[in-house]
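Everything below concerns the one structure shown next.
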2 protein chains.
Amino acid sequence: MEGSERIEAALGGKAESILAAAKRAFLANGFGAVSMDTIARDAGVSKATVYAHFAGKEELFGAVIGRECERRFDDLSVSELDPRTVRISLTTLGRRFLDFILSPDEIALHRIILGEVTRFPALGEVFWRAGPERNLAQIQAFMRTAATSGSLALPDTRVAAEQFVGLLRSKVQLLYLLRLESEPGQPTIGEVVENAVDTFIRAFGRSSASQGS
Amino acid sequence: MEGSERIEAALGGKAESILAAAKRAFLANGFGAVSMDTIARDAGVSKATVYAHFAGKEELFGAVIGRECERRFDDLSVSELDPRTVRISLTTLGRRFLDFILSPDEIALHRIILGEVTRFPALGEVFWRAGPERNLAQIQAFMRTAATSGSLALPDTRVAAEQFVGLLRSKVQLLYLLRLESEPGQPTIGEVVENAVDTFIRAFGRSSASQGS
DNA sequence: GTCTATACAGTGATAGAC
DNA sequence: GTCTATCACTGTATAGAC
């Protein structure tokens, strides 16, 4: 244990504190509204220590965001889904996807990326590759099995995956991003998923499983 | 003409210059990266004049964004669309909608709003009411006529409108927001519209018009 | 209202002791 | 590596003359 502490110290436990504090500050307030002073104080170190680990504010921001993009790997576990029970599988898949993209951290990250992509153009691709692209790949994988097994009649599995995502996000993701998620009269996540699955199966369903109650 | 110049001067031609300069700066760079110095210089007035018209940077920002939200009224002209030729009408409608939300000004506004909604919580509702909500209302109006005329079998016109929008935005809006619109291998706007209309008619179409080539 | 000049706070970044 | 103290600079905002 003494050894592991040694190693941790050698790797820089303070670097982790700084990154953690920077993550909290940046995700909550964006780039411009956060000062290096705040980050240093919140991390329990001096400002000079921050600069000993990171060349500047922009580099620190890039490190935080890049890390955050990589960390969040949304495993939709599509291999566990049975393509023969399409409605159930699509509902599970849709629910997992929406729970992920509507989680507070993911919404905050989404806001930051879009707000700062003009100043940090590289972030756009980093975000896309780490998030939406992976999700689409997983969903497309399920679409392929469903098409192969004959449960769905899909002219193009890639387009199908993109459209299923579009049906799921509908307006609900934008409402969350705009902080309007608790407006009265809005449908629940469960209803959004149900509606998306209904429509998707109306369009591409083949078997009697497409006729739900 | 002398009179109109007088009036313009009385209303403050400089206020317009300031708002115009602020709009350019804020839409291009966000809130934090813009200084009142830049705005004043770009507007051709002194900084004190800016403060004579607007209480501070935040108020100026709010004025610019609020104005921008109101200005952009996207008239989809749904009353001109014939519900009997569903495929053509949906294609026209989808094209107009996508051309609007993917226009440079709209994309820039979208980025700013999402990036600053944490600092300016009121902007979320302003944006929603002025843009997405109006678009949805117009699209829903068309869905109603299509349902009444029997061209589409829609269980819920509101949900149908939201889902049509979801199919249209699919991933293309996010790609534009992330500045990845010119990545190779991406579908054109025309293809996105076509795919959205295909799927929508597969789900809700009734007549033989749903069987396109 | 408009300008020039300036006050004042806060920022990112660094020097030097330990 | 880490700290305290400080730098140079930019930012918002204002005072006073016209």
Side-chain angles (χ1 to χ4, degrees), chain A residues 2-65 112 115-116 118-120, chain B residues 2-65 112 115-116 118-120:
Chain A
E2 188 200 338
S4 67
E5 282 173 6
R6 267 256 218 30
I7 291 173
E8 196 180 42
L11 289 175
K14 301 214 170 175
E16 285 304 319
S17 302
I18 295 167
L19 279 169
K23 172 190 164 183
R24 281 192 298 273
F26 284 137
L27 283 189
N29 302 106
F31 180 80
V34 172
S35 78
M36 296 294 263
D37 257 312
T38 312
I39 294 172
R41 198 182 327 127
D42 200 32
V45 301
S46 80
K47 209 164 29 163
T49 302
V50 176
Y51 280 93
H53 288 270
F54 302 93
K57 188 181 177 183
E58 302 204 347
E59 184 179 304
L60 178 55
F61 181 75
V64 167
I65 300 299
I112 305 295
E116 306 296 345
T118 307
R119 200 195 310 230
F120 303 92
Chain B
E2 189 200 338
S4 67
E5 283 173 5
R6 266 257 215 36
I7 291 172
E8 196 181 43
L11 289 175
K14 301 216 170 175
E16 285 304 319
S17 302
I18 295 167
L19 280 169
K23 172 191 164 182
R24 283 192 298 274
F26 284 137
L27 283 189
N29 303 106
F31 179 80
V34 172
S35 79
M36 296 293 263
D37 257 312
T38 312
I39 294 172
R41 198 179 329 126
D42 200 32
V45 302
S46 80
K47 213 167 16 168
T49 303
V50 176
Y51 281 93
H53 288 270
F54 302 94
K57 189 181 176 184
E58 302 205 347
E59 184 178 303
L60 178 55
F61 182 74
V64 168
I65 300 300
I112 305 293
E116 306 297 344
T118 307
R119 200 193 313 229
F120 303 93

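Numbered from 1 within each chain, the chains take letters A, B, ... in sequence-line order.
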Spacing of [X] atom [atom1] relative to [N] atom [atom2], expressed in whole Å:
X: B:Glu59; N: D:dT12; atom1: CD; atom2: P; result: 15 Å
X: A:Phe54; N: C:dT14; atom1: CZ; atom2: P; result: 16 Å
X: A:Asp37; N: D:dA5; atom1: CG; atom2: C1'; result: 13 Å
X: B:Arg41; N: C:dC3; atom1: CZ; atom2: P; result: 14 Å

What distance do [X] atom [atom1] and [Y] atom [atom2] have between them, rounded to the nearest 0.5 Å?
X: B:Leu19; Y: B:His53; atom1: CG; atom2: NE2; value: 9.5 Å
X: B:Glu116; Y: A:Asn29; atom1: CD; atom2: CG; value: 10.5 Å
X: B:Lys57; Y: B:Phe26; atom1: NZ; atom2: CZ; value: 6.0 Å

Base contacts versus sugar-phosphate-only contacts with protein, heavy atoms under 4.0 Å: please encode nucleotides 13-18 of chain D as B, S and - from 5' to 3'.
BBB---

Would you say a side-chain N or O of B:Thr49 is under 4.0 Å from OP1 or OP2 of C:dC3?
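Yes.
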
Heavy atoms from C-beta onward define the side chain here; which of D:dG11, C:dG12, D:dT4 lies closest to that of A:Ser35?
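From the listed options, C:dG12 comes nearest.
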
Among the candidates D:dT2, D:dC3, C:dC3, find the nucleotide nearest to the side-chain atoms of A:Ala52.
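From the listed options, D:dT2 comes nearest.
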
Any idea which heavy atoms bring A:Val50 and A:Val45 closest together, and the distance?
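Shortest heavy-atom contact: CG2-CG2, 4.0 Å.
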
Going by the angle between their ring planes, with limits at 30° and 60°, are B:Phe31 and B:Phe61 parallel, tilted or perpendicular?
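Perpendicular: the ring planes of B:Phe31 and B:Phe61 meet at over 60°.
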
Contact between A:Val64 and A:Leu27 at the side-chain level, heavy atoms closer than 4.5 Å - yes or no?
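No, side chains not in contact.
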
May I ask you to say what B:Val34 touches in the nucleic acid, namely base, sugar-phosphate or nothing, with a heavy-atom cut-off under 4.0 Å?
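The residue B:Val34 makes sugar-phosphate contact but no base contact.
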
